[in-house]
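One structure is given below, encoded as structure tokens.
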Amino acid sequence: MSAPLTKKERMKLDRIDMPERDAVERAGSFEEVNLGLTAKMAQLEAMRCLECKRPKCIDGCPVGIQIDEFIRLVAEGSVAEAAEVIQRDNLLPAICGRVCPQENQCEGTCVLAKKERPIAIGHLERYVADYVRTEGLHQVAEMPRPTGKAIAVIGSGPAGLACAGDLIQSGHAVTVFEALHEPGGVLVYGIPEFRLPKEIVQTEIAGLETLGVVFEMNAVVGRTHTLEELLAEFDAVFIGVGAGLPRFLGVPGENLIGVYSANEFLTRVNLMKAYLNDADTPVLDVTGKRIVVFGGGNTAMDAARTALRMGAADVRILYRRTEAEMPARREEVRHAREEGIAFDFLVSPTQLSGEDGLLRRVSLQRMELGEPDETGRRRPQPIEGATTEVEADLAVVAIGNGPNPLLLSTVPDLERTKWGTIAVDEATGRTSIPGVFAGGDIVTGGATVILAMGAGRRAAASVENWLDTGVWELPPSEEESVESA
Amino acid sequence: MYRIVQATDVGPGVRRFSVEAPHVARHYRAGQFVIVRVDPTGERIPLTVAAADTDTGLIALYVQGIGKTTRRLNMLESGDSLHDVAGPLGKPSEIEHYGTAVVVGGGVGTAIAYPVVKALVDAGNRVISIIGGRSRDFVILESELEATGAEVIVCTDDGSYGRPGFVTDTLADTLAGTPVDIVFAAGPVPMMKAVAAVTKPDGVRTIASLNPIMVDGTGMCGGCRVDVGGKTQFACVDGPEFDAHLVDFDLLARRNQAYHDFEQVRNAELEDPSCRVESSP
Ligand SMILES: Cc1cc2nc3c(=O)[nH]c(=O)nc-3n(C[C@H](O)[C@H](O)[C@H](O)COP(=O)(O)OP(=O)(O)OC[C@H]3O[C@@H](n4cnc5c(N)ncnc54)[C@H](O)[C@@H]3O)c2cc1C
Ligand code: FES
């Protein structure tokens, strides 16, 4: 490459936009929306990095990727080396590059964020990961010497996959027990193809299988196997079962035909492939219909955009706060808008009504923002007498998930928080039962892929420590050393 | 893959499968079901486990071919495999020493009733099992039920075998003649609704095994939700058995029809694959 640019020259460069499928075209297609940066674009974007002495971006990354280093390598054209840097801290970069809420993480703390044009770290991470995948450069890690220890991982979402990935590379035998017929958790049943192609998830899982991870499908722990049995058979158990219990609205009419949880709607379409013509699994026909989606998170965006792609005529997101409080990734909100999805803010459903058992209308209460609640977001409160109605043939409820009690109810000894999530030592993922670790959404409640992955990896490190020392109760100092490991 | 060790016809459009599923067999208790996928692109359907043998690792499933998936399943023979079998799911039946129990099974619902009868007999109850079908050919599991030691009364709608009339007629007669402590019902929704109506006036405790449409069977989707006493419950994890006097059977019947049109299209395709209807998108 030519001589390095000065800081001033770098500041003048424009942030490179991610090439996207045209909004009209993509509204009828499950093909991925973001097309990926070209090599040239990636290099140009990486060259904008100011190479801060104390890079703030790393502070924003939940798993502490050496962002400055990998970006410098991309700028130099050393993409394979950049991949190695990322891989040290992130086992699933092709996934995280696509679904992390970068604006609240690395890109939010980038010094250029003040000027509204942070380095496109997520796009670069994705570029690097896609490059090594499509070029077949995925390193086959050297097989470590078997330790003779065996670990059971329950759940194959990002938490379980990350935990399994680290433990197998340390030479332990790892078996992943998954309730569904396909591994991947929310990555396969929730997040749609147009945002995260399933082929990417399958590649990651195939990689783990090559390393020796055994996946046992249709294994509903608590039913097919008990936790007790796993504890007798394995040296340690990691619980990463996610937060898979959909919340409903608690208003009359919720059981009408035409009211879906986002989990059900997305599972039918994604996991069960109802978007393909020859699928055996049905989903209610939305062609030409009016759809409303309750919620303001990624799940709501995914449900709305999926409905659109299934042929809906009118899709509306109904959220009880305002746009500023929406937890969805900013890019998803923009994409949804471009595709023609309407947003109604400050409304909350009070009743769903139908004819012959089929949903027809939704009654809404208008809201205003009051005092901030415990999450710091201003709490919506009803405006007396301000009500309205919208016609709807299908309503998707995307207001979050609680912890699924299926496994937990079978282990009364396992300590829980007041929210019903598993109580753990955050740094180590250790639960109240020796040998049992937990992480991901089942600990935090619905959160993010990167946090689940980070928790899976911390737990893996803690499993190692436990297998080595046999000490369960950790003194505070040791906990810290595990966390920074 | 879960190998089918034996497949036999037991009635018109009804087959019995003995399937290798050792983990399911080991943990199974009466009242539980499995989620099955026939092939790698198939849909997930719930099927009640009628019997399980821990030693051989085999479970017994009774399948009535109605929709595409159940009809495809019924084309399988011994030596074939099911792609997925997950379970045992749902809460087991509450088996206690109640005294006298009546277990009503209609059609393939008899396969759900059978393990309950067995477990109740084993728990020391006097068990009267009333089973019914449209006609003689539709009556299943009669000799197996008799072998449990329960008193078995068979009815047929057309009177071709046993007592003529509906199971509910026989149930009403039984209740009039004997004090009954508990009634279990499994079968078509209208039958369970009718059973609940018969037992309600005298307040005989009645449990129905509900059969809503399911997807995952693990509590993740809420597609299986039913209304029990005004409260929404997920049949796959909170049930499938509920207090029949509190169940909104009309809602259940309606929700079970949600994909009626889709099923008809798929059924037609199964008969004649060339008539595949292209649907959007
Ligand atoms: C529609 C949707 C969109 C999202 N979009 C984003 C996004 O853009 N960015 C982002 O960062 N996050 C997003 N999230 C959140 C993110 O997906 C989750 O935080 C993350 O997947 C949690 O990972 P996990 O491993 O804890 O659990 P999950 O991914 O939920 O995986 C848990 C797995 O455990 C299995 N399981 C459950 N119970 C049992 C049992 N008893 N025995 C065996 N297996 C069991 C489940 O079947 C599942 O496969 C989204 C979530 C949803 C639902
Ligand atoms: S079948 Fe999905 S929650 Fe019961």
Side-chain angles (χ1 to χ4, degrees), chain A residues 28-30 179-181 189 216-220 222-226 229 242 244-248 250 254-268 271-285 287-288 309-311 356-358 397 401 404-407 409, chain B residues 2 21 23-24 26-27 32 34-35 37-45 67-69 72 83-90 213 215-227 232 234 236-237 248 250-255 257-259 261-263 265-266 269 276-281:
Chain A
S29 152
F30 276 83
L180 294 173
H181 57 265
Y189 78 68
E216 195 183 309
M217 297 297 116
N218 303 316
V220 188
R223 295 270 193 266
T224 316
H225 307 272
T226 63
E229 287 169 330
L245 184 76
R247 284 198 197 100
F248 282 89
E254 203 152 45
N255 296 332
L256 288 164
I257 296 172
V259 185
Y260 275 136
S261 73
N263 280 3
E264 180 177 4
F265 183 56
L266 292 171
T267 297
R268 284 180 179 276
L271 179 71
M272 306 312 296
K273 305 271 183 282
Y275 69 94
L276 302 174
N277 279 328
D278 55 355
D280 281 348
T281 302
V283 65
L284 293 171
D285 186 359
T287 316
R309 283 159 172 77
M310 295 296 284
D356 303 327
L358 306 178
V397 182
N401 290 303
N404 188 324
L406 186 106
L407 168 60
S409 64
Chain B
Y2 301 77
H23 295 300
V24 179
R26 169 140 36 99
H27 294 101
Q32 291 185 300
V34 286
I35 293 268
R37 276 198 334 153
V38 178
D39 57 39
T41 57
E43 92 185 286
R44 296 170 64 94
I45 59 159
K68 178 183 174 189
T69 302
R72 289 260 337 264
H83 199 274
D84 298 285
V85 176
L89 299 168
I213 294 170
V215 185
D216 57 301
T218 66
M220 182 270 276
C221 78
C224 62
R225 61 201 193 277
V226 291
D227 184 311
T232 295
F234 289 7
C236 71
V237 285
D248 184 340
D250 295 335
L251 178 74
L252 175 62
R254 263 198 316 266
R255 287 184 62 88
Q257 288 300 308
Y259 303 103
D261 296 350
F262 180 92
E263 277 290 328
V265 172
R266 285 295 183 260
E269 285 169 7
R276 163 143 288 169
V277 184
E278 284 299 315
S279 57
S280 68

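All heavy atoms count here, side chains included; hydrogens, waters and symmetry mates do not. In the text below, chain A, chain B and the rest are named by the order of the sequence lines, each starting its count at 1. No experiment lies behind these values; they were computed from the predicted model shown.
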*Name the member of B:Leu251, B:Val237, B:Asp216, B:Val24 that forms the most heavy-atom pairs with chain A at distances under 4.5 Å.*
B:Leu251
_Here's a test for you: under side-chain contact (heavy atoms from CB on, under 4.5 Å), which of A:Leu406, A:Asn401, A:Asn263 qualifies with B:Met220?_
A:Asn263
_Side-chain touch A:Met272/B:Arg37, heavy atoms, less than 4.5 angstrom_ = yes
*Any idea which of A:Ala279, A:Pro282, A:Gly258, A:Ser261 has the most non-hydrogen atom pairs under 4.5 angstrom with chain B?*
A:Pro282
*asked:* Give me the atom names and distance for the closest heavy-atom approach of B:Gly222 to A:Pro246.
replied: N-CG, 4.1 Å
*Heavy-atom contact with chain A under 4.5 Å, split by part of B:Arg254*: both
_Shortest non-hydrogen contact from A:Ala179 toward B:Ala86_ = O-CB, 4.3 Å
*Region of B:Arg44 in contact with chain A, defined by heavy-atom distances below 4.5 Å*: both
*How about B:Thr41 and A:Lys273: do any of their side-chain heavy atoms sit closer than 4.5 Å?*
no
*Leading residue by heavy atom contact count with chain B [cutoff under 4.5 Å; candidates A:Asn255, A:Leu271, A:Thr281, A:Leu180]*: A:Asn255
*asked:* Using every non-hydrogen atom in the two residues, find where B:Tyr259 and A:Glu264 come nearest and quote the distance to one decimal.
replied: OH-OE2, 4.1 Å
*asked:* Is B:Ile213 in contact with chain A via its backbone, its side chain, both, or neither, using a 4.5 Å heavy-atom distance?
replied: side chain
*Measure distances from A:Val259 to the heavy atoms of chain B and classify the residue's part below 4.5 Å as side chain, backbone, both or neither.*
both
*asked:* Please classify the contact of A:Ser29 with chain B as side chain, backbone, both or neither, using a heavy-atom distance under 4.5 Å.
replied: neither
*asked:* Just verifying a value: how many Å separate B:Arg26 CZ and A:His225 NE2, rounded to the nearest 0.5 Å?
replied: 7.5 Å
*Going by atom types only, do A:Asp280 and B:Thr69 share a side-chain donor-acceptor pair under 3.5 Å?*
no
*Closest-packed option against chain A by number of heavy-atom pairs under 4.5 Å, given B:Val85, B:Asp39, B:Asp227*: B:Val85
_Any donor-acceptor pair under 3.5 Å linking the side-chain atoms of B:His27 with those of A:Glu229?_
yes
*Got a second to check how far B:His83's NE2 is from A:Asn218's CG, nearest 0.5 Å?*
9.0 Å
_Does any backbone or side-chain atom of A:Thr224 lie under 4.5 Å from a heavy atom of chain B? Answer side chain, backbone, both or neither._
both
*Which atoms of A:Phe248 come close to chain B, meaning under 4.5 Å heavy atom to heavy atom: side chain ones, backbone ones, both, or neither?*
side chain
*Heavy-atom distance under 4.5 Å to chain A: side chain of B:Arg255, backbone, both or neither?*
both
*Please flag which part of A:Leu256 lies under 4.5 Å from any non-hydrogen atom of chain B: side chain, backbone, both or neither.*
backbone
